[in-house]
Amino acid sequence: MTTDDIPAIACNKVCKSFGSTEVLKDITLDIPAGQVSCLIGPSGSGKSTLLRCMAFLEEATSGTILIKGQPLGFSEQDSGFRARQPASQIRAVRANIGMVFQQFNLWPHMTALGNVSAALRVVRGLPKREAEARAMAQLEKVGLADRADHYPSQLSGGQQQRVAIARALAQEPRIMLFDEPTSALDPELTGEVLNVMRQLAAEGMTMVVVTHEIGFAGSVANRINFLDHGRLLFSGSPEEVFRKPRHPRLEQFLDTYLDRGASMLV
Amino acid sequence: MSWKLFSLLLQASGMTILVSAFAIVAGLIIAIALSALRLSGNRLALGFVAVFVSFFRGVPLLVQLLLLFNLLPALGISLSSLSTALIGLTLCTAAYQTENLRGGFAAVPPGLIESADMLGFTPVQSFLRIKVPIALRLTFPTLISEAILILKASSLVSVVGVIELTKMASNLAASTFMPVELYAAAGLIYLAINQVVTLIGRFAEGRLPGTGVPAR
């Protein structure tokens, strides 16, 4: 098997419980490299939790998650014992992943340039000038070079999210995870963020996107995965998702979007 | 009151400013270190911080200073009056500042740390680069209040033999029989110093990165 055949992310029988509440039930899902995979589903369906498990921001209760074939978070020992990885190993595997959050999570005490260059300096140890040059290139890519010396509080939500995308890209990840990247934005600002994501998809970045933007999922995703009550109910290409007849629960979920005037997409 | 007496008070106020400024800065550094111990979640560290904070907040500063002054020589450690005063005042304010910072650290949104985690920051790196600057900014007004409290509390270090503003006023009052004038003058000097601290605080607060005026 060549490296191209290894899925970017492989989830195998992932379960997650918070106390007695089962949030993810036996999720087995491959994220193919170089493609855009969307996770859709109603609120509370577990799609964000699944994405956070892929980044080890949540620890799966059982099951395994492989990033480019390497286990993340836990290593299975020969005896079958599931051992937590040392922090350095988690950081090494995570270096493959960039993450973009619903609330942007920019650091308020740093400028846009500071946010994007911080990890290059702190984690990679690059000299200030080189880190800032690379950061500036990423800001240019998301169309915000002219906002480099603005603090997050001086930027619109859409601009903040684009800075957050530039910050993740500066670490040169091979996989980008997006956790409802436009849910905190109004429709106009949503558009500018989705455009950056489209551009990234066109460049062949492996992307996993948790989203309520069914239109975006339909037009950009290679695969759409539908979750409901912690189960992966359906997984397929956009054509398969939108072709009738559908799984009854998926039908019901998509109907709510039809009701809101998205009929041209479905 | 003669200029000569007033200039003696001003000279002594230099000592007040020195011990207070040292205690505030050193106390802040210790408070950050104690906060790190507290955030580590280690039970032994938590216990140590809890005992430290409750002792130095629960025992009067005057008693702490007298205890330190008499305890250290008994342990065979001989320190100057000034060193004893600096240590006493620093440990006391460190305890208060640790408590002040607690709220600041608790108010750092967890998402800001998650984004640092995802970018490869170690816990120490995200503590120093993300948590500390944000917690300091959030608790900056209480830091200024603490500085004012310490400036006033520094009058107590005279008990270990440091001649600062209050002690100078009391010495001069005893020799000149002008207590009202001298204590009034001392009071005005404290007031003036604290007004300056307040103004510096207000000035700095509006200029902390990420707040206030646009970058351009």
Side-chain angles (χ1 to χ4, degrees), chain A residues 51-52 54-58 87-88 90-125 146-155 163-165 167-173 175-177 179 184, chain B residues 28 31-32 35-37 39-42 45 100-101 103-144 201 203-216:
Chain A
L51 191 81
R52 290 170 59 80
M54 292 177 183
F56 200 58
L57 291 173
E58 301 289 351
S88 58
I90 292 170
R91 278 196 293 278
V93 180
R94 263 188 186 156
N96 291 295
I97 308 172
M99 180 120 179
V100 173
F101 299 86
Q102 182 178 355
Q103 296 301 332
F104 327 134
N105 292 345
L106 293 180
W107 303 309
H109 58 296
M110 297 182 196
T111 61
L113 187 67
N115 267 278
V116 182
S117 62
L120 292 171
R121 296 177 63 187
V122 175
V123 178
R124 298 238 198 131
D146 59 332
R147 295 286 186 274
D149 57 357
H150 282 51
Y151 287 94
S153 59
Q154 300 162 339
L155 298 171
V163 172
I165 292 172
R167 179 175 67 173
L169 289 177
Q171 293 298 93
E172 296 166 336
I175 304 164
M176 286 283 284
L177 307 182
D179 188 5
Chain B
L28 179 60
I32 290 171
S35 301
L37 285 182
L39 292 172
S40 75
N42 181 302
N100 290 345
L101 282 176
F105 280 110
V108 177
L112 302 191
I113 305 310
E114 286 183 348
S115 58
D117 285 345
M118 287 309 299
L119 290 165
F121 283 59
T122 64
V124 172
Q125 286 167 340
S126 65
F127 178 76
L128 292 175
R129 308 275 178 158
I130 314 291
K131 283 186 195 164
V132 170
I134 294 173
L136 280 180
R137 209 178 66 177
L138 292 172
T139 58
F140 190 73
T142 40
L143 178 63
I144 294 299
F203 181 82
E205 203 177 331
R207 275 161 187 75
L208 293 173
T211 59
V213 290
R216 289 183 185 178

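A quick note: this is a predicted structure, and the numbers were derived from the prediction, not measured. Here is the naming used below: chain letters follow the sequence lines, and residue numbers restart at 1 for every chain.
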Colleague: Measuring only between side-chain heavy atoms, which start at C-beta, is B/R137 closer than 4.5 Å to A/P108?
Modeller: yes

Colleague: Identify which part of A/Q171 has an atom lying under 4.5 Å from any heavy atom of chain B, answering side chain, backbone, both or neither.
Modeller: side chain

Colleague: Sub-4.5 Å heavy-atom contacts with chain A: which residues of residues 123-130 of chain B show up?
Modeller: B/P123, B/Q125, B/R129, B/I130

Colleague: Taking side chain as everything from C-beta outward and backbone as N, CA, C, O, which of these in A/A55 sits under 4.5 Å from a heavy atom of chain B? Side chain, backbone, both or neither.
Modeller: both

Colleague: List the atom of B/P133, the atom of A/H109, and the distance in Å for their closest heavy-atom pair.
Modeller: CB-CD2, 3.5 Å

Colleague: Report the option among A/R124, A/R52, A/Q102 that has the most heavy-atom pairs separated by less than 4.5 Å from atoms of chain B.
Modeller: A/R52

Colleague: If every non-hydrogen atom of A/V123 is compared with every non-hydrogen atom of B/L119, which pair is closest and at what distance?
Modeller: CG2-O, 3.5 Å

Colleague: Using heavy-atom distances under 4.5 Å, tell me whether A/L106 contacts chain B through its side chain, its backbone, both, or neither.
Modeller: backbone

Colleague: What distance do A/F104 atom CZ and B/L112 atom CG have between them, rounded to the nearest 0.5 Å?
Modeller: 12.5 Å

Colleague: Against chain B, label A/A118 side chain, backbone, both or neither, depending on which of its atoms sit under 4.5 Å from a heavy atom there.
Modeller: both

Colleague: So do B/E114 and A/M99 actually touch side chain to side chain, heavy atoms under 4.5 Å?
Modeller: no

Colleague: Taking all non-hydrogen atoms of both residues, which atom of A/N105 and which atom of B/S115 are closest, and how far apart?
Modeller: O-OG, 3.1 Å

Colleague: Calculate, to the nearest 0.5 Å, the distance between atoms CE and CZ belonging to B/M118 and A/R167 respectively.
Modeller: 11.0 Å

